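See below for the structure under consideration.
Nothing here was measured: the structure is a model prediction, and the numbers come from that model. Basis for what follows: all heavy atoms, side chains included, without hydrogens, waters or symmetry-related copies. Residue numbers count from 1 along this sequence.
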Amino acid sequence: MSITVRPARTSDIKEIRKFIDEYAAGRRLLTKETVTLYESVQEFTVAQINNEVVGCGALHVLWEDLAEVRTLAVSESVRGKGVGHAILGEIIERARQVGVKRIFCLTFETDFFGRHGFVEIQGTPVAPEVYTELLRSYDSGVAEFLDLESVKPNTLGNTRMLLTL
C-alpha cells in the first residue's frame with residue numbers, strides 16, 4: 001500500500017466534505033460550510049491510495065510564528081495504516097516552509113499528536129500584544145487557541161496541544 005500526499009485541489013473538496021461530515025456526526029470534528037472549504041483549499045493536504053482520496057488535513061496560519069492543524073481526518077477503512085501520520089508529517093513540513101515555529105491543535109487524539117511531539121497546554125502561549133491582535137479575529141479556531149470564555153467549555157471537549165518546531 002503506497003500513500004501519496006499532495007496539496008488539495010478544488011476537485012478534492014467533495015471527498016473532504018465527506019470526511020468532515022463523518023467525523024462531525026461523531027463529534028470528532030466541527031463541521032464547516034462547503035464554501036469555507038473551497039475558500040481554504042490551499043490550506044489542505046490530501047492523502048491518496050490507488051488514486052483514491054483517503055484522508056485530509058489543513059494548516060491554518062494564525063500569526064507570524066503560529067499555525068493550527070485543522071480538519072485532520074482519515075477514512076475509517078485505512079485508520080491505523082499510517083495515513084494520518086503521512087498527512088501530519090506533510091503539514092508539519094509545510095509549517096516549516098512558511099516560517100511557522102509553533103503548531104497548535106485541538107484534538108481527542110492526544111496519543112497520535114503526542115507521537116509527533118505535540119504537548120498539552122494550558123493558557124495562551126503568546127505575548128500580550130499578539131493576544132490583543134488575535135482577539136480581533138473572527139475565526140473560531142483562534143478563539144479556541146486563546147482559550148476565550150466564549151468557547152468554554154470548548155466546543156467538543158477536546159485537548160489543546162502545541163508543537164514547537
Side-chain angles (χ1 to χ4, degrees), residues 1-24 26 28-32 34 36-49 51-121 124-126 134 137 139-146 154-156 158-165:
M1 174 179 75
S2 177
I3 302 167
T4 303
V5 180
R6 63 166 174 79
R9 302 180 192 119
T10 56
S11 59
D12 297 320
I13 296 300
K14 289 179 183 168
E15 289 302 313
I16 292 170
R17 166 93 273 146
K18 289 178 189 174
F19 295 128
I20 291 170
D21 290 347
E22 179 182 329
Y23 276 61
R28 294 183 290 171
L29 277 181
L30 294 174
T31 192
K32 291 185 182 342
T34 302
T36 303
L37 297 175
Y38 281 109
E39 290 171 345
S40 59
V41 68
Q42 70 280 359
E43 296 181 356
F44 276 89
T45 297
V46 295
Q48 291 181 298
I49 297 175
N51 293 319
E52 177 188 351
V53 174
V54 294
C56 65
L59 178 73
H60 181 77
V61 175
L62 301 174
W63 198 252
E64 177 182 5
D65 67 338
L66 180 67
E68 180 183 3
V69 174
R70 291 186 173 179
T71 320
L72 183 57
V74 173
S75 171
E76 292 294 333
S77 67
V78 296
R79 279 192 70 154
K81 295 187 170 41
V83 175
H85 289 285
I87 293 168
L88 185 56
E90 185 64 27
I91 288 171
I92 291 169
E93 180 55 32
R94 176 73 179 130
R96 286 187 175 105
Q97 290 171 3
V98 299
V100 170
K101 304 290 186 235
R102 297 175 302 155
I103 307 171
F104 168 73
C105 71
L106 288 164
T107 186
F108 291 109
E109 303 294 337
T110 55
D111 290 341
F112 170 81
F113 281 95
R115 286 192 295 274
H116 287 272
F118 284 77
V119 295
E120 188 172 340
I121 61 168
T124 305
V126 295
L134 289 173
S137 175
D139 189 286
S140 60
V142 172
E144 293 276 9
F145 173 74
L146 294 177
N154 74 35
T155 313
L156 297 175
N158 44 20
T159 301
R160 301 165 69 243
M161 299 183 81
L162 189 71
L163 170 67
T164 301
L165 301 177

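- In this structure, the separation between CZ on R160 and CD1 on I121 is 4.5 Å, given to the nearest 0.5 Å.
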Applying side chain to side chain contact (heavy atoms under 4.5 Å, CB included), run through I91 and R94 and close with a yes or a no. CA-CA 5 Å; I91 288 171; R94 176 73 179 130; 5.6 Å; no
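- When all heavy atoms of L88 and F112 are compared, the pair lying nearest together is CD2-CE2, 3.7 Å.
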Given I3 and V54, is the side chain to side chain contact (heavy atoms under 4.5 Å, CB included) satisfied, shown in steps? CA-CA 9 Å; I3 302 167; V54 294; 5.7 Å; no
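- By the side-chain hydrogen bond (donor to acceptor under 3.5 Å, both in side chains) test, E15 is found to be paired with K18, residues two or more places apart in sequence or in another chain being considered.
- Residues E43 and L59 have side chains not in contact (no heavy-atom distance under 4.5 Å, counting atoms from C-beta outward).
- Minimum interatomic distance between V41 and T10 (heavy atoms only, all atoms of both residues): CG2-N, 3.9 Å.
- Remark: Y38 engages no residue in a ring-ring contact (aromatic ring centres under 6.0 Å, His included) (not counting sequence neighbours).
- Atom CD1 of I13 and atom OG of S40 lie 6.5 Å apart (nearest 0.5 Å).
- More than 12 non-hydrogen atoms from other residues, nucleotides or ligands lie less than 6.0 angstrom from CD of Q42.
- In this structure, the side chains of L72 and T107 stay at 4.5 Å or more apart for every pair of heavy atoms.
- Looking at F44 and R70, their side chains never come closer than 4.5 Å, going by heavy atoms from C-beta outward.
- For the pair E120 and T110, the minimum side-chain heavy-atom distance is 4.5 Å or more.
- Here the closest heavy-atom approach between residue I16 and residue A8 is recorded as CD1-CB, 4.3 Å.
- In this structure the side chain of R6 reaches within 4.5 angstrom of the side chain of V46, judged on heavy atoms.
- Of the inter-residue distances, the one linking E109 atom CD with H116 atom NE2 reads 11.5 Å to the nearest 0.5 angstrom.
- Heavy-atom minimum distance, T164 versus R102: OG1-CG, 4.1 Å.
- Counting only heavy atoms from C-beta outward, the side chains of V83 and I49 approach each other to under 4.5 Å.
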Please table the atom pairs, donor to acceptor, closer than 3.5 Å between any side-chain atom in residues 73-81 and protein atoms at least two apart or in another chain.
residue : atom : partner : partner atom : Å
S75     : OG   : S77     : N            : 3.3
S75     : OG   : S77     : OG           : 2.9
E76     : OE2  : R28     : NH1          : 3.3
E76     : OE2  : R28     : NH2          : 3.0

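- Between T71 and L29 the shortest heavy-atom distance is CA-CD2, 3.9 Å.
- Counting heavy atoms from C-beta outward, K101 and E64 have side chains that stay 4.5 Å or more apart.
- In this structure, A67 and V100 approach most closely via the heavy-atom pair N-CG1, 3.7 Å.
- A perpendicular orientation is assigned to the rings of F118 and F113, their planes being inclined by more than 60° (bins at 30° and 60°).
- Between R115 and D111 there is no salt bridge, since no side-chain N of the basic residue sits under 4.0 Å from a carboxylate O of the acidic one.
- The shortest side-chain heavy-atom distance between R17 and L37 falls under the 4.5 Å cut-off.
- Here the CD1 atom belonging to I87 is positioned 8.0 Å from the OG1 atom belonging to T45, to the nearest 0.5 angstrom.
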